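This report concerns only the one structure given below.
This one's a predicted model, so the numbers in the text were calculated from it and none came from an experiment. Lettering follows sequence order; numbering is per chain, from 1.
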Amino acid sequence: MNIHTIADHLNSLADNSDTGMSFDCQPISGEVDVLQISILGREELPIFVSVTEDQILCISYLWGVEEVKPECIAPMHESMLEMSIPMPLSSFSKIGDKYVVFGALSISSSLADVEHELTVLSNNAVEVIDDMSDFLL
Amino acid sequence: MNIHTIADHLNSLADNSDTGMSFDCQPISGEVDVLQISILGREELPIFVSVTEDQILCISYLWGVEEVKPECIAPMHESMLEMSIPMPLSSFSKIGDKYVVFGALSISSSLADVEHELTVLSNNAVEVIDDMSDFLL
Amino acid sequence: MSIFKKIMTAVRGGASEAGEAIIDANATRIFEQEIRDAENHLTKAKRDLTGVMAEQMAAKREVDRLQREITEHEGYAGQALEKGDETLALAVAEKIAALESDLSAQQQAHDSFAGNAERLKELVKKSERQVAEHKRQLSMVKTTESVQKATSAITDNFSSSNSKLLSAKDSLERIKAKQQKFDDKMKAAEVLESENSDTSLEAQLKAAGIGNQDSSANSVLDRIKAKQKQ
Amino acid sequence: MSIFKKIMTAVRGGASEAGEAIIDANATRIFEQEIRDAENHLTKAKRDLTGVMAEQMAAKREVDRLQREITEHEGYAGQALEKGDETLALAVAEKIAALESDLSAQQQAHDSFAGNAERLKELVKKSERQVAEHKRQLSMVKTTESVQKATSAITDNFSSSNSKLLSAKDSLERIKAKQQKFDDKMKAAEVLESENSDTSLEAQLKAAGIGNQDSSANSVLDRIKAKQKQ
């Protein structure tokens, strides 16, 4: 499994995805291969996929530290930790000064698993932004 | 997949586990079935497994809020969120007043996947306690 | 309130309210019924889409056939005019006019089916997204409830077993001590093993008749005699 | 410093030090070599264990055989004594003494193999735990490095594309607006569809000769005549 297999699969889905979502994949070059995945109608919240030796990492960036009301950082962190189990297939994390939701799949996952993960991750991201927006400036 | 299948498998492993760990399973009765899994030599840090309609949840309790130095709560939360991606197969969460590391597997996972998850989760838990003990009283 | 916010509120309640449902059992049943309804709706939309696409293809075939027939009859009318047979030409023209009216109707039907198919495709995709979204939300509710019930069972089991709750640091210390003890035991076993190998060698020497013979033929015979006297 | 602490320190460094390795490439190679060594060690320990267990079983068979033979010869010695043939009895007793010496050596060898097998089993398990633990740690290092490099690639790509970074709230607002627009479009298409159905009916009526006939035979004939004059 590498990002090109994933891109080929998602691009070939067209109307045949089981999740009703249309994907558009764009590789980003750099020291590691990253795939930028846009979902039709949600282009503002792309998902970035990278593949390591043992896992497929799918990351959706939520917001930067600077978008959070300073007095809300502590309750937000606590809510993120509390929602970590209920939120399916994804967890919260902080990368540098950005908050993200991410999902990690085994390298041996099927393409259907990857598609399912991306769909749920995107839904999680949209819902998290909607429901945690009280913490944001 | 239910907790009894998991218990039967782990108990039958004896010396034949690929991970060198010996498991002892004990069901806990309640409104939902929970399996308490002890690992030989690590009985103080059992893993609790429960099965929902779509996932297998494996939880290891780390410590209670009352064990954390009050001034360390904020940096601890931040470290947990930061370590969430690097930590393989597990994430941090907070259940009530307890911090945990947990892993969620698809209900269609193999017994070998479950065994691998439990091993990595246990190693994660031991390492987290060791390396985050500066935050603790 | 959204499901996510309800769950945030519920988990914040903590272990003390573990028994409390995030959405009551009745609401869960309604939620599950909604998912089944949406799935039925999806199945129906997919069946409708298949039907409409079949009609669209049939209309397309009819349009093609009418166009071919019109072209053909235009040829006949031209030939009749060339022969100066205006009456025949007019009869053919009447046929063409009827075919053209037919064609226009079929073309409109085709366009209507195509538009309908497009709309149904979007509807199918929207329903698929909704079913996936509802399932995700129901999974959140069920997971949260399961974790709360499991926590409650674990807590009850722990209090009834009267075991002393260790701090994380104490647990780690004990685990490390056990690990050390295990490593020491392994090292001791290794030493013992190498000693055993020596003993084994000694035993082999003895078997080869080298060194002390502790079991002489006479003592064996005495033993057998003593047994017989019993 | 433990791998976990190194990673905690590295991720705290943030995007600004994205290029910096958590453990340098050389250290990673050493780490990977350690895993391969541990795996080789494990394979060797497993092979040794198989060998020792085979020897243990062979020794057990030999112990059993010697015990049977001793019992048998004790019987012969008893019979010789009953017949008053002390010389023969002593010869058999010499044989028994030799067998017993053999048995003692084999029993000691067996116990030694058994102890060794037990120790090797523990060693195999310990090595398996170590390999799993090293792999877990290497996975942490590689994942962290991969995330840092991916973040760096995404950031570079973003700055080079000159796109304006939206806030989460703005992104959500736009997504919701697009959703609304899509829903409106679907509703409009539905309305249009039902209108089209009416048009289609009208077209069908026309085809059946009911209502206005907009294509008369004469105009068709005029069109064909005009074509011929070209």
Side-chain angles (χ1 to χ4, degrees), chain A residues 10 13-24 38-42 45 47 58 60 62 72 74-92 101 103 112-136, chain C residues 1-15 17-18 21-23 28 35 38-39 41-43 45-46 49-50 52-53 114 117-151 154:
Chain A
L10 294 177
L13 277 178
D15 284 347
N16 296 319
S17 112
D18 280 335
T19 55
M21 294 203 176
S22 303
F23 303 93
D24 181 48
S38 292
I39 293 174
L40 189 71
R42 296 180 172 183
L45 284 178
I47 295 172
C58 310
S60 178
L62 296 173
C72 286
M76 186 187 76
H77 283 176
E78 193 156 6
S79 290
M80 286 178 167
L81 286 169
E82 285 171 339
M83 290 305 288
S84 170
I85 295 186
M87 190 164 62
L89 297 180
S90 319
S91 274
F92 289 98
V101 280
D113 288 337
V114 174
E115 191 190 338
H116 181 60
E117 172 73 44
L118 292 170
T119 306
V120 174
L121 182 61
S122 175
N123 285 337
N124 283 335
V126 171
E127 190 169 30
V128 163
I129 296 178
D130 208 358
D131 284 330
M132 289 198 171
S133 62
D134 293 349
F135 296 135
L136 304 179
Chain C
M1 192 159 59
S2 75
I3 297 282
F4 196 90
K5 281 214 169 159
K6 274 186 187 160
I7 292 171
M8 274 210 273
T9 312
V11 296
R12 190 54 65 87
E17 301 172 39
I22 298 151
I23 55 176
T28 306
I35 292 176
E39 282 175 328
H41 194 213
L42 181 58
T43 308
K46 281 183 175 172
L49 176 58
T50 312
V52 168
M53 283 172 78
E118 206 47 52
R119 195 179 57 80
L120 281 169
K121 271 185 202 164
E122 292 293 351
L123 187 67
V124 164
K125 283 208 245 174
K126 192 183 167 169
S127 302
E128 281 174 334
R129 288 196 296 271
Q130 274 173 343
V131 168
E133 179 56 7
H134 277 116
K135 283 188 176 170
R136 187 186 68 87
Q137 291 182 331
L138 187 62
S139 168
M140 282 177 79
V141 172
K142 295 217 160 177
T143 302
T144 309
E145 286 180 344
S146 173
V147 169
Q148 291 189 330
K149 284 173 187 167
T151 307
I154 294 163

Original post:
Can you tell me how far CZ of R136(C) sits from CG of L89(A), rounded to the nearest 0.5 angstrom?
Top reply: 10.0 Å
Subject >> Heavy-atom check, side chain of T143(C) versus side chain of I85(A), under 4.5 Å >> reply: yes
Original post:
Can you find a pair of side-chain heavy atoms, one from R129(C) and one from T19(A), that are under 4.5 Å apart?
Top reply: no
Original post:
Does E127(A) reach the side chain of Q137(C), with side-chain heavy atoms less than 4.5 Å apart?
Top reply: yes
Subject >> chain C contact via N124(A) - side chain, backbone, both or neither, heavy atoms under 4.5 Å >> reply: both
Subject >> Gap separating the NE2 atom of H134(C) from the CG atom of N123(A), nearest 0.5 angstrom >> reply: 11.0 Å
Original post:
Taking K135(C), Q130(C), E128(C) one by one, which has the highest count of heavy-atom pairs under 4.5 Å against chain A?
Top reply: E128(C)
**OP:** Measure the spacing between NZ of K125(C) and OG of S22(A) and express it to the nearest 0.5 Å.
**Re:** 3.5 Å
Original post:
Hey, are the side chains of K5(C) and D134(A) touching, using non-hydrogen atoms and a 4.5 Å cut-off?
Top reply: yes
Original post:
Would M83(A) and M8(C) satisfy side-chain contact (heavy atoms from CB on, under 4.5 Å), going step by step from the backbone distance to the final call?
Top reply: CA-CA 7 Å; M83(A) 290 305 288; M8(C) 274 210 273; 3.4 Å; yes
**OP:** Provide the closest heavy-atom pair for M140(C) versus P88(A) in the form atom of the first, atom of the second, distance.
**Re:** CG-CD, 3.3 Å
